[in-house]
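All residue numbers in this chain count up from 1 along the given sequence. Remember, predicted model here, so these are calculated numbers, not experimental data. Order of appearance sets the numbers: ligands from 1, and atoms from 1 within every ligand.
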Amino acid sequence: MENRRPLIAGNWKMFKTCPEAVETARQLAQLVNISTVDVMIAPQFTALVPVSDVIKRGCVSLGAQNLFWESEGAYTGEISPAMLVSAGCRYVIIGHSERRQYFGENDDSVNKKIKAAIRDNLIPILCVGESEKERESKETFNVLDRQITKGLEGFSSNELDTLVIAYEPVWAIGTGKTATKEQAQEVHRFLRSMVEKIFGNILAMSVRILYGGSVKPDNIKELMEMPDVDGALVGGASLDAETFSKIINF
Ligand code: 13P
């Protein structure tokens, strides 16, 4: 895995009220004391500030699940990068397949969001992945090629030095179907080679590529043994502090 520091990230999606999120974060902060792995949790927006208060002295970082690319303005219902930073966020998840599927996000909006995140020093986690139909029709690499090329269009390699990519095959999200470690490795290697082709070897060697899709305590270890898997983006199994801490301590 070269010298890339693993990142285990929890995407809490639209689960947990504020008190529930604070309680889980408190439990997690007590369970997790690790200096060799970066850890992030992304609760829903209204829980960001109270969760930030609970985790700020520990080794768990805060992330958001989305942002809007403008700095401010008349954009009812949206949230800016600076607002996330002021709420305590270091990371932001961008282009999750659920946002692409239900909220009309596409490679163009993803590109703008990454730009906005970088402008305000948030670490972007760019999500890519193919659907079941696309995998079956052997479109996986074309889809990923497009998502990476368009999502990262117009950036210099310097600007992307904190970039994290998350490979989340849509067919493996919340389904209990994990990609095999070989399937994950094959795609991660492809993604790294794309980064190399577009941005050069230095960024390709340093960019962290996470796997997401039904990651659990009992499959994390074998995924992390793969040379191009640098961590995980965990949904369901991150909602319980004890379960998530087992993944973090893989
Ligand atoms: P699950 O771990 O629940 O499959 O979700 C994965 C995911 O979408 C993380 O962003």
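- Only the backbone of Ala172 comes within 4.0 Å of ligand 1, judged by heavy-atom distances.
- Between Ala237 and ligand 1 there is no heavy-atom distance shorter than 4.0 Å.
- Under a hydrophobic-cluster definition in which Ile, Leu, Val, Met, Phe, Trp and Tyr are linked whenever side-chain heavy atoms come within less than 4.5 Å, directly or via other members, Val110 and Val143 are assigned to different clusters.
- The distance criterion of under 3.5 Å between nitrogen or oxygen atoms is not met by Glu98 with respect to ligand 1.
- If you check which protein heavy atom lies closest to atom 2 (O) of ligand 1, you get Gly235 N, 2.9 Å.
- Ligand 1 lies within reach of Ser214, whose nearest heavy atom is under 4.0 Å from it.
- Listed by atom number, the atoms of ligand 1 under 4.0 Å from Gly174 heavy atoms are 1 (P), 3 (O), 4 (O).
- Considering backbone and side-chain atoms together, Val234 places no N or O closer than 3.5 Å to any N or O of ligand 1.
- A distance of 9.0 Å separates NZ in Lys138 from CD in Glu136, rounded to the nearest 0.5 Å.
- Ligand 1 is never approached by Lys216 to a heavy-atom distance shorter than 4.0 Å.
- The pair Glu105-Lys113 counts as a salt bridge, with a side-chain nitrogen and a carboxylate oxygen less than 4.0 angstrom apart.
- Looking at heavy atoms from C-beta onward, Pro43 lies in side-chain contact with Leu48 at the 4.5 angstrom threshold.
- In Asn11, the part holding a heavy atom less than 4.0 Å from any atom of ligand 1 is the side chain.
- Between Lys221 and Glu225 a salt bridge is recorded (basic side-chain N to carboxylate O distance below 4.0 Å).
- A distance of 11.0 Å separates CG of Leu203 from CD of Glu159, quoted to the nearest 0.5 Å.
- For atom 5 (O) of ligand 1, the nearest non-hydrogen atom of the protein is Lys13 NZ, 3.3 Å.
- Residue contact check: Ile173 has heavy atoms under 4.0 Å from atoms 4 (O), 5 (O), 6 (C), 8 (O) of ligand 1.
- The closest side-chain heavy-atom distance from Leu152 to Leu160 is below 4.5 Å.
- Rounded to the nearest 0.5 angstrom, Arg100 CZ and Ser131 OG are separated by 12.0 Å.
- Note: the hydrophobic cluster containing Ile123 does not contain Trp69 (ILVMFWY, side chain heavy atoms under 4.5 Å, direct or indirect links).
- The nearest protein atom to atom 3 (O) of ligand 1, hydrogens excluded, is given as Gly236 N, 2.8 Å; this is a heavy-atom distance.
- Where the criterion is an N or O separation shorter than 3.5 Å, residue side chain and backbone included, Leu233 fails it with respect to ligand 1.
- For the pair Ala9 and ligand 1, no heavy-atom separation below 4.0 Å is found.
- Residues Asp230 and Arg192 form a side-chain contact, since some pair of their non-hydrogen atoms from C-beta on lies under 4.5 Å apart.
- Of the protein's non-hydrogen atoms, Glu168 OE2, 2.9 Å is the one closest to atom 9 (C) of ligand 1.
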